[in-house]
Amino acid sequence: MTKLFKKLPNHIAIIMDGNGRWATRRGMPRNYGHREGVNAIERTIDACLKYNIKYCTFFAFSTENWKRNKEEIDGIFELLREYISKNDNIFLDKQVKLKHIGIIEPFPDDLKSCLMDMEKKTEKFDKLTITFALNYGGRDEIVRAVNQLLKSKETDINEKSFSLCLDTQDLPDPDFVIRTSGEQRVSNFMLYQMAYSEFYFPKICWPSFNEKHFVKALKMFEKRKRRYGGV
Ligand code: FPP
């Protein structure tokens, strides 16, 4: 399967945008869009396994998403809870490692414990790592890293030692960032890590994203010439 592409991204980061618009256009509540968005996550995980992508990170809840109404926030928490604790659990069945980045401390206790439990159960799997960014903001992450370094009294900071203080310390930088729905913004996602990422902004809203769109995205990546500031 991998032979289909001359090169593949090692780490794909996804801003799953357009759930609300997708639902509203269908006369449905916004949370219906998030629910269908979870099906798109599942399709994407399957596609990562099929096309041999090693890391995929989903922006599921930002530090700014607390501004949404309580019903929508509770709905997203419920979807996460359901998804992680499903009996036929995708992570255990498919041997996928689950991680999170961001500060989950303000999340409901039962959600935190089922997430941490699944992270523990899957920590040894290594063919695919799925990361959910939860209460995550790139600026917040950088400021937390600076505070950690100040406390450590370390004086000789370099890019390597700094990146080890980020939530992504054991993840490679994303090679490829996909933001659905046609919006072309980074929205405070992985600011430090995206220094040399390639970007792709398909018009499709996240709940409709499927294997066909995923393959098209991989083909776009294949065409990119990455120079990292060189010639
Ligand atoms: C962006 O679309 C989407 C979100 C902020 C939430 C995404 C959350 C999920 C798909 C559920 C999380 C569950 C798991 C299992 C990770 P939007 O609501 O901003 O869409 P809009 O721009 O059309 O309003």
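Because the structure is predicted, anything quoted here is derived from the model rather than measured. Each ligand, and each atom within it, is numbered from 1 in the order the structure gives.
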Q: Supply the members, apart from M28, of the Ile/Leu/Val/Met/Phe/Trp/Tyr cluster built from side-chain contacts under 4.5 Å; use none for a lone residue.
A: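 M28 shares its hydrophobic cluster with W22, Y32.
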
If you measure every N/O of [X] against every N/O of ligand 1, is any gap under 3.5 Å?
{"X": "I76", "value": "no"}
{"X": "N19", "value": "yes"}
{"X": "N65", "value": "no"}
{"X": "R68", "value": "yes"}
{"X": "D17", "value": "yes"}

Q: Please determine if E183 and K203 form a salt bridge, counting it only when a charged side-chain N lies under 4.0 Å from a carboxylate O.
A: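 The answer is no: the pair does not qualify as a salt bridge.
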
Q | Note: D46-K50 ion pair, threshold 4.0 Å (strictly below) | A |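 Salt bridge absent between D46 and K50.
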
Q) With no hydrogens and no angle check, is any side-chain donor or acceptor of D167 less than 3.5 Å from a backbone partner on G102? A)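 Present.
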
**Q.** Of all pairs that satisfy ring pair (Phe, Tyr, Trp, His ring centres under 6.0 Å), the ones with a partner from residues 166-185, not counting sequence neighbours
**A.**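 Sorted pair list: F176-F221.
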
Q. Which atoms of ligand 1 have any heavy atom of H34 under 4.0 Å away?
A.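 Ligand 1 atoms under the 4.0 Å threshold to H34: 3 (C), 4 (C), 6 (C), 10 (C), 18 (O).
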
Q) Taking only heavy atoms of Y83, which atoms of ligand 1 are found under 4.0 Å from at least one of them? A)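 Listed by number with element: 15 (C).
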
Between [X] and ligand 1, find which residue part has any heavy-atom pair under 4.0 Å and reply side chain, backbone, both or neither.
{"X": "R30", "value": "side chain"}
{"X": "I84", "value": "neither"}
{"X": "I41", "value": "side chain"}

Q: Measure centre to centre between the rings of Y192 and F162, then say whether the value is under 6.0 Å.
A: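 Ring-ring flag for Y192/F162: true, centres closer than 6.0 Å.
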
Q.
I'd like to know if F132 contacts ligand 1, where contact means a heavy-atom distance under 4.0 Å to any ligand atom.
A.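 Per 4.0 Å heavy-atom rule, F132 contacts ligand 1.
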
Q: Using the ring pair (Phe, Tyr, Trp, His ring centres under 6.0 Å) rule, take F107 and F61 through it: C-alpha gap first, then chi angles, then the decisive distance, then the call.
A: CA-CA 11 Å; F107 281 23; F61 194 88; 5.8 Å; yes

(Q) As a check for students: among A60, G18, A40, identify the option with a heavy atom nearest to atom 6 (C) of ligand 1. (A)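 When every heavy atom of A60, G18, A40 is considered, A60 comes closest to atom 6 (C) of ligand 1.
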
(Q) Side chains of T63 and R139: any donor to acceptor distance under 3.5 Å? (A)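 Not at all, the side chains of R139 and T63 share no donor-acceptor pair under 3.5 Å.
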
